[in-house]
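Order of the sequence lines sets the chain letters (A, B, ...), proteins ahead of strands, with each chain counted from 1. All values below come from the heavy atoms of this structure, side chains included, with hydrogens, waters and symmetry mates left out.
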Amino acid sequence: METVLDANVGTDQTAQLEIWLTRHKGLLFKVVHSYSNSRAEADDLFQELCLQLWKSIPNFSGQCSESTWIYKVALFSAISWTRRETKHRQTEFSDDLDLTLAENAQPDPRLTWLYEQIKSFNAVDRSLCLLMLEGYQYREIADILGITSTHVGVKLNRIKQALSKKREEEFTHGV
Amino acid sequence: MEFEDMQKVWNSQSQQPLYVMDEKAMHKRVNDYQSGVVRMGSIVEIGLVVVALFVAVFYGIEGILADQLYQLPGSAIFLGVAVYVVRTRSSRKAAEGNSDRTVLGDLNLSIRSLEYQIRRQKRFIWWFMAPAFLLILIQALFSEQGKPWYVWLMMAVAGGFGYWLTRWELNAKLLPKLKKLRNLRQLLMADS
């Protein structure tokens with residue numbers, strides 16, 4: 001398989017990773033935020049995503065767009081990621097926990113709510129929800145996940161219903 | 001908030017990213033992490049090949065130089081062990097390139113890779129411990145001077161430790177990971 005990388009980096013995987021991070025870090029942040037429950041976890045997961053992206057570079061053949069490839073790698077890494085022992089990590093890396101990621105001070109409360117709902121889904125439904133919100137079509141989501149478009153449709157309808165229901169419940173209870 | 005509004009809220013993230021990244025620190029940590037993990041990924045296999053080749057060469061040379069031909073079967077057995085590890089490693093590497101590049105494809109690949117490692121760990125006693133025991137037995141039966149008691153003790157402790165290590169990795173890491181990945185595949189395939 002021929003690798004399609006930016007012309008100016010040659011076969012330097014680390015340089016390519018830097019380019020991808022510059023272009024697509026927003027995408028990675030969304031995945032990290034959807035799959036982690038604390039700053040330490042976010043930090044850990046982000047590093048895991050970077051590592052898996054770096055490893056995936058030789059396999060990128062340009063058959064799909066860069067962002068689709070990065071989403072595919074990031075989602076697989078996130079759903080199969082196993083949290084390390086947080087207590088141990090906090091002791092070991094307490095000085096540099098904030099070095100890699102630092103949350104913005106005042107996120108939109110509606111966005112916070114939306115992320116909370118995404119986190120309430122199982123690992124697979126989270127990935128479907130993310131792809132849907134990113135504007136991918138059923139066919140594209142099916143290609144990324146490796147399931148059929150019909151299957152994607154069934155799952156996404158259920159997710160949309162669940163989101164609407166949660167929103168309705170919160171309005172009903174005056175939240 | 002209707003679904004369309006949720007979409008608008010979602011799209012607003014491009015104006016205000018969720019995190020800020022300290023790029024220098026991140027690159028350093030990723031570089032450190034990469035080199036460590038890449039090494040760790042093959043260190044067990046390479047270590048086993050080196051050990052098996054060392055034993056094979058050592059007993060082979062000693063057997064020929066000291067005219068102790070009874071040492072040669074042990075040497076051949078460990079050469080076989082080295083070949084076995086290299087061949088299974090090559091098969092695993094070849095399989096790694098065969099993902100269909102979808103999340104499900106990667107899941108299947110990871111599951112196959114874990115199943116391979118689990119099979120190999122479960123059979124460790126047969127493909128590594130048994131040849132080692134056979135080698136010791138040959139030495140004990142044919143060596144004129146025999147070996148001092150602490151050599152036997154050392155071998156027994158090393159063998160026991162090796163066995164414990166493989167069982168620990170199997171139960172604490174590989175089997176739980178396999179269970180998790182199978183559950184994920186089940187989730188992905190549900191309703192299809």
Which answer fits Leu28(A), side chain, backbone, both or neither, if we ask what part of it has an atom under 4.5 Å from a heavy atom of chain B?
neither
pair Phe76(A)-Leu109(B): side-chain heavy atoms closer than 4.5 Å:
no
Do you know the tightest heavy-atom contact between Met189(B) and Ile147(A)?
SD-CG2, 4.5 Å
CD on Gln7(B) to CG on Leu114(A), rounded to 0.5 Å
9.0 Å
Do other residues, nucleotides or ligands put more than 12 heavy atoms under 6.0 Å from Lys119(A) NZ?
yes
Which answer fits Gln117(A), side chain, backbone, both or neither, if we ask what part of it has an atom under 4.5 Å from a heavy atom of chain B?
neither
Measuring from atom NZ of Lys180(B) to atom CD1 of Ile79(A), what distance do you get when rounded to the nearest 0.5 angstrom?
8.5 Å
Only pairs of heavy atoms separated by less than 4.5 Å count here; which of Leu181(B), Asn108(B), Leu107(B) has the most with chain A?
Leu107(B)
Evaluate the side-chain proximity of Trp10(B) to Leu130(A): yes if any heavy-atom separation is below 4.5 Å, no if none is.
yes
Residues Leu187(B) and Val124(A): closest non-hydrogen pair is CB-CG2, 3.7 Å
Which one, Ser56(A), Ser80(A), Ala123(A), leads in non-hydrogen pairs under 4.5 Å with chain B?
Ser80(A)
Leu75(A) side, atom CG; Asp106(B) side, atom CG - distance, nearest 0.5 Å:
11.0 Å
In terms of heavy-atom contacts, Leu188(B) and His151(A) come closest through O-CE1, 2.8 Å
How close do Asp143(A) and Thr102(B) get, heavy atom to heavy atom, and via which atoms?
O-CG2, 3.1 Å
